[in-house]
Engineer: 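The structure is given below, and queries will be raised subsequently.
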Amino acid sequence: MYPSLHSFIRTYTDKVWNERNPEAMRDYYSPAYIHHDVSRPDVITLADYQQWARDLVTAFPDLQVQVDDVLAEEGRAVKRWTASGTHQGVLAGIQSTGKKVRFSGVSCYRVVEWRIAESWYVYDLFGLLKQVGAIP
C-alpha cells in the first residue's frame with residue numbers, strides 16, 4: 001500500500017491538512033482511534049478529532065502543514081511539523097483576526113495495518129494564541 005511508514009505519514013499530512021480535507025481522515029485512521037492532546041482534553045475519538053480538524057481548517061482556510069522531519073519504525077512514527085495560515089474564521093471562540101500565524105509541533109503516532117490507531121500531540125499553543133491576539 002505505502003512504500004514506508006514515512007510516506008504514509010507524509011501522504012496523510014498532505015491529504016488531510018494541506019488539502020484541508022478532514023473527511024479523508026477515515027482513510028488514515030482506525031475507527032477505534034484514540035487522541036491525546038493536553039491542550040484539548042475534550043478531543044478523544046476520531047469523530048472528536050475530525051470536528052477539531054474541521055474547525056481548524058475553517059478558521060485557517062489557507063492552512064499549510066510542512067513536514068520538517070519524520071522518524072519511523074515498526075508501527076511508530078514521530079513527525080516534527082510547522083503550520084502556517086491566516087486566521088479567517090472563529091477558532092475556539094476566538095473571532096477572526098486576519099492575522100498570519102506560524103506555529104510548530106510534534107506528533108507521535110501508533111500505526112496498525114496502515115491506520116493511525118493512537119496519537120499524541122504537543123504544539124506551541126501559547127505562540128498561536130499570542131499571534132491571534134488572544135493573550136498579550
Side-chain angles (χ1 to χ4, degrees):
M1 180 173 267
Y2 296 93
S4 70
L5 192 49
H6 290 85
S7 66
F8 172 80
I9 296 298
R10 288 179 184 279
T11 300
Y12 146 72
T13 301
D14 284 339
K15 295 294 182 185
V16 171
W17 296 109
N18 293 329
E19 294 179 16
R20 291 166 294 289
N21 183 10
E23 302 317 311
M25 288 176 145
R26 70 181 174 276
D27 298 330
Y28 298 95
Y29 284 84
S30 164
Y33 169 74
I34 301 169
H35 186 83
H36 304 275
D37 180 343
V38 295
S39 67
R40 291 299 310 259
D42 57 315
V43 176
I44 300 165
T45 67
L46 178 55
D48 297 337
Y49 190 38
Q50 278 185 295
Q51 185 57 55
W52 169 236
R54 284 185 204 100
D55 293 347
L56 197 61
V57 299
T58 298
F60 298 95
D62 60 346
L63 180 73
Q64 285 294 296
V65 178
Q66 174 183 314
V67 176
D68 300 317
D69 282 309
V70 176
L71 303 171
E73 69 175 42
E74 300 179 25
R76 302 267 181 186
V78 177
K79 176 178 73 179
R80 188 174 60 83
W81 50 268
T82 303
S84 59
T86 309
H87 185 210
Q88 297 179 30
V90 177
L91 179 67
I94 303 165
Q95 296 298 313
S96 170
T97 62
K99 294 182 178 181
K100 293 197 179 297
V101 302
R102 184 174 174 88
F103 61 103
S104 59
V106 175
S107 304
C108 301
Y109 304 98
R110 183 172 61 85
V111 179
V112 177
E113 298 178 358
W114 300 112
R115 294 279 190 253
I116 299 170
E118 195 167 11
S119 63
W120 296 261
Y121 287 83
V122 179
Y123 52 94
D124 185 13
L125 179 61
F126 181 80
L128 174 60
L129 293 173
K130 190 169 183 171
Q131 289 175 72
V132 298
I135 56 176

Engineer: To the nearest 0.5 angstrom, please state how far the OG1 atom of Thr13 sits from the CD atom of Gln66.
Structural biologist: 11.5 Å

Engineer: Give every residue pair that meets the salt bridge (charged side-chain N to carboxylate O under 4.0 Å, His left out) criterion with at least one member in residues 82-110, sequence neighbours excluded.
Structural biologist: Arg110-Glu118

Engineer: Is a donor on one side and an acceptor on the other found under 3.5 Å between the side chain of Gln64 and the backbone of Ser84?
Structural biologist: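 Judged by distance alone, no pair lies under 3.5 Å.
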
Engineer: Quick one: side chain to side chain donor-acceptor pair (under 3.5 Å) partners of Asp27, sequence neighbours excluded?
Structural biologist: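 If we apply the side chain to side chain donor-acceptor pair (under 3.5 Å) test to Asp27, skipping adjacent residues, there are no hits.
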
Engineer: Hey, quick one: are Leu46 and Trp120 part of the same hydrophobic cluster, counting side-chain heavy atoms closer than 4.5 Å, chains of contacts allowed?
Structural biologist: no

Engineer: Would Tyr121 and Phe126 show up in the same hydrophobic cluster when neighbours are defined by side-chain heavy atoms closer than 4.5 Å?
Structural biologist: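 Both belong to a single hydrophobic cluster.
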
Engineer: Looking at Ala117 and Ser30, what are the two nearest heavy atoms and their distance?
Structural biologist: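 So the two residues come closest at CA-CB, 4.1 Å.
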
Engineer: Would you please name every residue forming a salt bridge (charged side-chain N to carboxylate O under 4.0 Å, His left out) with Arg40, sequence neighbours left out?
Structural biologist: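 Per chain and number, Arg40 pairs via salt bridge (charged side-chain N to carboxylate O under 4.0 Å, His left out) with Asp42.
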
Engineer: For Leu5 and Glu73, which heavy atoms make the closest approach, and how far apart are they?
Structural biologist: CD2-N, 4.3 Å

Engineer: Excluding sequence neighbours, so at least two apart, what forms side chain to side chain donor-acceptor pair (under 3.5 Å) with Ser39?
Structural biologist: Asp37, Tyr123

Engineer: Using side chain to side chain donor-acceptor pair (under 3.5 Å) as the criterion, list what pairs up with Arg26, not counting sequence neighbours.
Structural biologist: none

Engineer: Linking I/L/V/M/F/W/Y whenever their side-chain heavy atoms sit closer than 4.5 Å, directly or via other members, would Val38 and Leu128 fall into one cluster?
Structural biologist: no

Engineer: Do the side chain of Asp48 and the main chain of Thr45 share a donor and acceptor less than 3.5 angstrom apart?
Structural biologist: yes

Engineer: Could I get the full list of side chain to side chain donor-acceptor pair (under 3.5 Å) partners for Asp124, not counting sequence neighbours?
Structural biologist: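 With neighbours one apart ignored, the set is empty.
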
Engineer: Who are the salt bridge (charged side-chain N to carboxylate O under 4.0 Å, His left out) partners of Arg80, not counting sequence neighbours?
Structural biologist: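 Partners of Arg80 by the salt bridge (charged side-chain N to carboxylate O under 4.0 Å, His left out) criterion, ordered by chain and then number, come out as Asp68, Asp69.
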
Engineer: Less than 3.5 Å apart, which donor and acceptor atoms pair up between the side chains of residues 56-63 and the rest of the protein, not counting sequence neighbours?
Structural biologist:
| from | atom 1 | to | atom 2 | distance (Å) |
| --- | --- | --- | --- | --- |
| Thr58 | OG1 | Arg54 | O | 2.8 |
| Asp62 | OD1 | Thr86 | N | 2.7 |
| Asp62 | OD2 | Thr86 | N | 3.4 |
| Asp62 | OD2 | Thr86 | OG1 | 2.7 |

Engineer: Would you check if Ile94 and Leu129 make a side-chain contact, meaning some heavy-atom pair closer than 4.5 Å?
Structural biologist: yes

Engineer: Please identify each residue that fulfils ring pair (Phe, Tyr, Trp, His ring centres under 6.0 Å) with Trp81, with sequence neighbours left out.
Structural biologist: Phe103

Engineer: For residues Val65 and Val106: do they belong to one hydrophobic cluster (side chain heavy atoms under 4.5 Å, members Ile, Leu, Val, Met, Phe, Trp, Tyr)?
Structural biologist: no

Engineer: In the single-linkage hydrophobic clustering (I, L, V, M, F, W, Y; side-chain heavy atoms under 4.5 Å), do Trp114 and Val112 co-cluster?
Structural biologist: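 No: no chain of side-chain contacts under 4.5 Å links Trp114 to Val112.
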
Engineer: Using the test ring pair (Phe, Tyr, Trp, His ring centres under 6.0 Å), find all partners of Tyr33 that sit at least two apart in sequence or belong to another chain.
Structural biologist: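 Ring pair (Phe, Tyr, Trp, His ring centres under 6.0 Å) check on Tyr33 returns Tyr29, His35, Tyr49.
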
Engineer: With sequence neighbours left out, write down each residue that passes salt bridge (charged side-chain N to carboxylate O under 4.0 Å, His left out) with Lys15, or none if nothing qualifies.
Structural biologist: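 Salt bridge (charged side-chain N to carboxylate O under 4.0 Å, His left out) check on Lys15 returns Glu19.
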
Engineer: Any side-chain hydrogen bond (donor to acceptor under 3.5 Å, both in side chains) pairs touching residues 89-98, not counting sequence neighbours?
Structural biologist: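 For residues 89-98: His87-Thr97.
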
Engineer: Could you measure the distance from the CD atom of Gln50 to the CG atom of Asn21? Nearest 0.5 Å is fine.
Structural biologist: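 If we round to the nearest 0.5 Å, Gln50:CD and Asn21:CG are 9.5 Å apart.
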
Engineer: With a 4.5 Å heavy-atom cut-off, do Val111 and Ile116 have their side chains touching?
Structural biologist: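 When only atoms from C-beta onward are counted, Ile116 and Val111 do touch, with a gap below 4.5 Å.
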
Engineer: Would you call the rings of Tyr12 and Tyr109 parallel, tilted or perpendicular if under 30° counts as parallel and over 60° as perpendicular?
Structural biologist: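 Perpendicular: the ring planes of Tyr12 and Tyr109 meet at over 60°.
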
